[in-house]
Each structure stands twice: as structure tokens, then as C-alpha cells.
There are 4 protein chains.
Amino acid sequence: MTGRGRPRRADVDEGVLRAAIELLLERGYAGLSPDEVAERAGVAKTTLYRRWPTKDHLAVAVVARLQDDDEITDSGDIRRDLPAYLEKIAAGLNRMRGAGRTGDDPSAGTVAELVAAAARHPDVGALERDVYARRNALAHALLERAVERGELRADLDVEALFDQLTGALYYRVLITGLPVGRAYAERLVDTALRGAAREKE
Amino acid sequence: MTGRGRPRRADVDEGVLRAAIELLLERGYAGLSPDEVAERAGVAKTTLYRRWPTKDHLAVAVVARLQDDDEITDSGDIRRDLPAYLEKIAAGLNRMRGAGRTGDDPSAGTVAELVAAAARHPDVGALERDVYARRNALAHALLERAVERGELRADLDVEALFDQLTGALYYRVLITGLPVGRAYAERLVDTALRGAAREKE
Amino acid sequence: MTGRGRPRRADVDEGVLRAAIELLLERGYAGLSPDEVAERAGVAKTTLYRRWPTKDHLAVAVVARLQDDDEITDSGDIRRDLPAYLEKIAAGLNRMRGAGRTGDDPSAGTVAELVAAAARHPDVGALERDVYARRNALAHALLERAVERGELRADLDVEALFDQLTGALYYRVLITGLPVGRAYAERLVDTALRGAAREKE
Amino acid sequence: MTGRGRPRRADVDEGVLRAAIELLLERGYAGLSPDEVAERAGVAKTTLYRRWPTKDHLAVAVVARLQDDDEITDSGDIRRDLPAYLEKIAAGLNRMRGAGRTGDDPSAGTVAELVAAAARHPDVGALERDVYARRNALAHALLERAVERGELRADLDVEALFDQLTGALYYRVLITGLPVGRAYAERLVDTALRGAAREKE
DNA sequence: AGCTAATCGAGACGGTACGTCTAGTCTTAAA
DNA sequence: TTTAAGACTAGACGTACCGTCTCGATTAGCT
């Protein structure tokens, strides 16, 4: 077998992503310029574009990186774990909320920009959905274990429940512009677990 | 004194908005180019910019126009009205989903772009939040009447419930990319009303 | 008739060409960067590209400008006017010779680059040939008047003669790399007028 | 001691030059991309660059190869040999004229590119001038023999004459864009030998 | 046979110029 | 003062190209 060519530098991904995260948080999506990312990472633009063919690809890679750092803990008490998990998601959103802000705009434009970026390219969208699928799978498992333990209803629509909880956070951040935090997470969990219908006496 | 000089053409707003809606649905947010909107509407760019100082302003105006067509019905049975209302929202989202799509990308990038657009300008954001606030107020009222009628719990966190229902739709469309429709709306309402916790025996 | 839009700024051509000439002479063809020309001229890049769609177009415009400054004088004595004219051409070539030189390279790369630039685009090539055609027409006229006056042979091949004289200058500058100046111009004229064949006695 | 390490493959030079000639004639100077030359020759870029440190070096090597095939014949009749020689040069130029042409551009950009290439690197320039010097030496010798034989004036400025003849060809091809061939060569020789001045009666 | 040193193949990398694209402003003449 | 038309500003973005570097795999001569 002949040589396979010069191998890719392993530290490039690391350095570029770090620089990109920095820039994204500093200046928001508009400020995430490939030129400057490359410069900060000490890498040629061509190298950057070889791995992320578009600014959007890079941006979504950043999200994936940030997302994958999140973990989930299962204490056996769903009423404790669920708010904790939601709070983590909220923290991520809040972090984006501060990104590149100049005034006092309460909405999280950067999150929206990233979703939009993903949607602009079929391949990126697929990648992004994978990232979220990984996260969601963990949460689904958490909920199912609670079902098995008898903490939650046996015929629970786990997917619907999870969408409701997470979705509420996103909706509030993206659309309503209201704050999300521990307190809100607990309200959500409480409302979802108890149910809205008047209890049968 | 006002009323000096040539008066504004009255039909411009209408024509431009129509052209903008067309373009937005045809080609998505990126395809909504001010130049082309102006051309389609048979109007000079100057004229357009005098009324909407930014592409983003125009875009949100388009959404407002689309949104305000939605109505809400109160039959007195919350288990019927709620899914109907969610379905309307879903229909709006699905419409955006088709905007400017070439392949089979399931996500609704255009919605995200619009949110991002709103976040880029404080006034646009405020305007957009108003649009949503109007819609939400109707839904809140609907829910509160159901509480008063005794269909829903007296101590219900109406805001949290509403966020969960609507948020789930947005989350699914924006992030997960899965379909939303009548069936999903019913799953949501069912899950939310019954509650996730195991029923006390 | 409706308005014809904002007219082109008249001073742009002037400013850009001046900046381009400066840069070309300072740093040679490679240093003639559209970005920098635009900056020096205080003009946006798009404006520049609207008029010269390519760096090559710009470069050739520069040559045209330089060339058209040359004039031709007709004193009635062809043995005086011809060397003078050739000297002017030589001066232009020598000016280019200094352009962007770092070391002691004797050849006139910039001239060659400009010819190459013209050849890369059919439209530019045509334009450039026009420029030269103008110059050549003047010289041809000069020679023909000398024929009429009886200074030159009645059956002279004016075109061939002119090509020989001018061509020798270009050849020397481009290929041989030897100096061209007044003395050389006179050698050329002398050789050409007397003829190479042994005189019939 | 030399001779250590793996020896260079002997057939590389040949193959690369052949590929380079092909490409140059097919697509002109711009199409002479080192990457593609290497690929066509079945050679790694490294290998290519070890021998020709620059695309320009390679290009000039190609020209040298093409040029050195030219020969010169001395029949003893300068009025026959000179046009023949010029025709050969013209043939070389015309060959370049076709290089990389798409439309009907009459100028020989490739020749200019090569001159420019030579001017970009002192060593390449020197090399190229050597190539031309060899050719010119032959022509000079031819002319001097004609002087000795009494066919040409004893005090002839051989250099000037040669520059005029060859230069006219280059000027026509590079600048004017007009055709060069046998007929033109004869016009040149005729004009140069007879002289332009009116013959003394 | 093993060691040494240079070449080869493949392809990533660096650097930089070039041209495109898009949003929004400005300048005319006409209405 | 608005409208139409279109030139203008500003800057990000991605591409193209050349030449360098880094691997692993060869291929010789020397010991």
C-alpha cells in the first residue's frame, strides 16, 4: 500500500472550535467571521474551509460541541432530576442569550440564527438533528426509567412530555423573550406532572 | 404643516406586502431580497425603505400579516378547542416549512430566520412580541374561562401550560424536524391535561 | 420619460486610474490589487468593479491612459521626428521597466504582464488593440507625409517599416533585456532608412 | 559522498515536460497548473517541485524545449535564408497563439505570460535570455557571413537589423494581433534590405 | 543483511488575491 | 415631498491558486 498523504492535524478542530465559541459568545452569529476564527486559531482559512465548508457548518459544529458537554444525572427521583436537567438546557440558552448583545434585547437571537443556519443546508440540518437526538435519547431514557419505577404513569406519552418541557424553554427564550431559570423549570415540571385537568375527587 | 409635497401612494403597502409574502414563501428568508420585492411590486427601492427601514422589518410585517388571520373559537369544551387552536398554529408553521425549500429538508428555517430577524432590532423584536402577545392573550383567556368553568384545575399555572403546548410545536418544527398536525396536537393536549405523574389511587 | 437614476460619479474614473497608475509603478502588476486601488481612490470595491470588471481590465485601462498622453510632432524632417517618436515609446517602456522592481532584473516584466492581461479577455484585447491602433495611425500618417514629401521611397511598405522600428524596441525590452534610449532609437532609424543591402555603386 | 539515497527517477523530467507542453498548448499559461501537470505525468507534486521550483521555471523549460528544435540553414543567399528563418520564428509564435484559446482572440497571450514569468525570477530570466541568445547568435552569424560575402553593407548594424526583423514579428503577434507568416516575413526582409530612404539618383 | 539517506506518492496546510453577493444610502430628474 | 432608477458604500464570504510540509513507502549504496 502506498502512503495516504499527510494526515490532518488533530489539533486544528480543537483550536478552531474554541476560537469559534469565543467569537460566537463575544459577538454573536454575525460576528462569527470565518476569517477571524481562522486567524485566532492560527490556521489558514483554507484549512478551516476544508473541514467546515461554510460558516454555517462551523456554527453548528460549535453548538454540537457545547451541547455534548451537557450530562444528565439519574438520582432515582424524577421530580428532582427533571428540573435539574431543564435547568441545564436553560443555562445553555441563557449563555447564548448573552452572545454578542449590545443593548437590552431580551430574546436569544443567536439561538435562532443557529437554527436558521442549520436549516440552510440539508447536511447541516441532519447533523444538528442528530445532536439533538442524542440529547433527547438520554432524556427519554430518564423518563422511561421513571415510568418503570412507577413514578410516572405507565401509559405516558414520553415524547410528548419531553417536547412540552423542552419546547416551553425554547419558546420562552425565542419567542416570548421572558427569562428561564430554575424557578421556571420547576413550574413546568410541576404543571406537567400534576396535569391541568381538574382532579377527579 | 404636513400634507405638503406629493402624497404617498396608498396602494404601495399592500402591493409590497403581497410581493414579499410571495417571495418569502417561494424562496425563504434568503430569497426575500429587497431589490426583488421592489421590482415585483413595481416600486422603487427608495419607496420600500421609506416604509420598512430594514429587510427584517419587512419580514416581520409579513409574518404579522399572515398571523393575524388566525382566529380562535371558544365552544365551551376545552378538550375540543385546545387541539383546534394548536392545529392552527401548526398550520402556520407548516406553511413556513415549505418556504424556499429545494429538497426535503424537514426543518422550518424560515421561522428561525424570522426570530433571528426580530432579535437583530429592538423595535422589530418588540413588534413581533406584540404580535405573539395578541395571539397568546386570546389563548390565555380561553384557558382561564375553562378554569372558571371548572374544566381545569383552579390553581393551574396557565402560562406554563400554554408555553408547554405551543412550545412543543415550535420545538418539534424548529429543532426536531418532525411533523406536527392534528394527531400531535391531540397527544399534547391529552398529556398535558392528564398529567404525567402516576395517579393516586 | 422617467428618471435615469443616479448618474455615475465622474471623478471616480480619474481617481481610480490615478491610484492604479501609482500602484502599478510602485509595485508592478502583482501589486496592483483592486482592493488597494479602491482604498487609495476612496471608492468602494463594487464601484470599481462596476467599471472594470476585472483587475486586467483596470490594468489595461491604465496603459491606455498612459499611452494616450503621448503625442507626435511633425517637423517636416523625418530623420528628426522618427527618433524622437521612438524615444517617447522607449520612455514609456522604461517607465514600466522600473515598476515594482526589487532587484536588478533588466527585463520589463510589467509590460509583458499587461500584454498578457489584455490577452486573457477578448474584450480587453480588442480595446488594447484599439489603443495601439490609434497610436500607430499617427505614426503611419507621419511616415506617409514623408513619402509624399519625397523623403522616403514612394513604394515604401509603411506598415512593415513601422513594425520594425517599434517592434525592435519591444523586443529589446521584453526579450533581450537590453537598454533602449535615444542612441538605440537612432541606430534603428539609421539602419532602417539606409537599408541593409550593399548599395549599388 | 554523493550517490547516497534513492536516485532520482530518470524518466520523470521527460514525462513532466511532455505533460506540461500538452497543457500549455491546450489551455495556455493559466491552464498550466502544477497540480494537473503532476497528475497527468503520474508524478507527485513534490517530485515536480524538486526539479522546477516554480511554475514559471517549468513554463520556461517548456519553451526552451520547444525552441531548441529550431534550426537555421545557410544557403549562401541571405535573401532566401532570412525569410526562411523569420518564418520559423513566426511558426513558433503562431503555435503559442493557439494555446488555450477559446474564441477568436488573435493575440498570443501565452508568449506574453512566458515573458512575464521570466521577469518574475532572476534565474528564470537569465535562463530564458540564454535560450534566446543561442538562437540570436545563430542569426547574427548568418548575417555576418552575408556581410563578409558582400551581400550586405560592410558597416551594417547587425544587431539593429536583427532586432528589427524579429521584433516586428513579436510586435505584430503580441500587440497588433495581426497575422504573421511567409508573406509578412518577406515584406520585412524586403523593406529592411532596400532601406526606406529615397534612393539617391 | 542491515543501516542510511534521499526520492516518491498522496494530500493536508499556509497565505493571499480575487471577485461576488447583499443590505442599505444617496443622488439625480420627474411627478 | 414622494417616486423611479440606479450608482454608491461597506464588508463578509467563499474560491482559486501556488508552493510547502508531513507522513509512510521505496530504493539505492555503504558497511
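Proteins come first, then strands; the chains are lettered A, B, ... in the order of their sequence lines, and each starts at number 1.
- Near DNA chain E, meaning a heavy atom under 4.0 Å away, the residues from residues 51-65 of chain A are Arg51(A).
- Rounded to whole Å, the distance from CD on Glu113(C) to P on dA17(E) is 15 Å.
- Looking at heavy atoms from C-beta onward, Met96(A) lies in side-chain contact with Leu114(A) at the 4.5 angstrom threshold.
- In this structure, Arg120(B) places its CZ atom 14 Å from C1' of dG24(E), rounding to the nearest Å.
- Side-chain N/O atoms of Arg6(A) and base N/O atoms of dC13(E) include no donor-acceptor pair closer than 3.5 Å.
- Nearest-nucleotide positions on DNA chain E place Pro7(A) closer to the 5' end than the other of Pro7(A) and Ser33(C).
- Scanning both residues, Leu32(A) and Ala20(A), for their nearest heavy atoms gives CD1-O, 3.4 Å.
- In this structure, the side chains of Glu39(A) and Lys45(A) stay at 4.5 Å or more apart for every pair of heavy atoms.
- Closest approach of Ile21(A) to Arg65(A), counting heavy atoms only: CD1-CG, 3.8 Å.
- OP1 or OP2 of dT7(E) has at least one side-chain nitrogen or oxygen of Arg8(D) nearer than 4.0 Å.
- With rounding to whole Å, Asp35(A) atom CG is found 14 Å from dG11(F) atom P.
- Under the 4.5 Å side-chain criterion, counting only non-hydrogen atoms from C-beta, Thr47(C) is not in contact with Arg8(C).
- One can place CZ of Arg27(D) at 14 Å from P of dA16(F), the figure rounded to the nearest angstrom.
- Arg50(D) has a side-chain polar atom (N or O) that falls below the 4.0 Å cut-off from OP1 or OP2 of dC8(E).
- Per the geometry, OH belonging to Tyr49(A) stands 17 Å off P belonging to dC17(F), to the nearest Å.
- The two residues Ala117(A) and Asp56(A) come nearest to each other via the heavy atoms CB-OD1, 3.3 Å.
- Between Arg9(B) and the phosphate of dT2(F), there is no side-chain N or O to OP1/OP2 separation shorter than 4.0 Å.
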Query raised in the report: If you write DNA chain F from 5' to 3' in dot-bracket form, with Watson-Crick or G-U pairs under 3.5 Å, [ ] for crossing pairs and | for pairs with another strand, what do you get?
Result: |||||||||||||||||||||||||||||||
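- Tyr29(C) carries Lys55(C) over the face of its six-membered ring, with the cationic atom under 6.0 Å from the centre and within 45° of the normal.
- In plain terms, the two heavy atoms of Arg9(D) and Arg51(D) that are nearest each other are O-NH1, 3.3 Å.
- Considering every non-hydrogen atom in both Val124(B) and Ala118(B), the closest pair reads CG1-CA, 3.7 Å.
- Of the residues in residues 36-47 of chain D, Lys45(D), Thr46(D) come within less than 4.0 Å of DNA chain F through at least one heavy atom, sorted by number.
- In this structure, His121(A) atom NE2 and dG14(F) atom C1' are separated by 12 Å, rounded to whole Å.
- Here dA17(E) presents its C1' atom at 14 Å from CG of Leu48(C), a figure rounded to the nearest Å.
- Distance CG (Asp11(D)) to C1' (dC8(E)): 12 Å, rounded to an integer number of Å.
- Between the side chain of Ser33(C) and the main chain of Glu36(C), a donor-acceptor pair closer than 3.5 Å is present.
- Closest approach of Val115(C) and Ala112(D) over heavy atoms only: CG1-CB, 3.6 Å.
- Inter-residue side-chain proximity for Leu17(C) and Trp52(C) is flagged as met; some heavy-atom pair is nearer than 4.5 Å.
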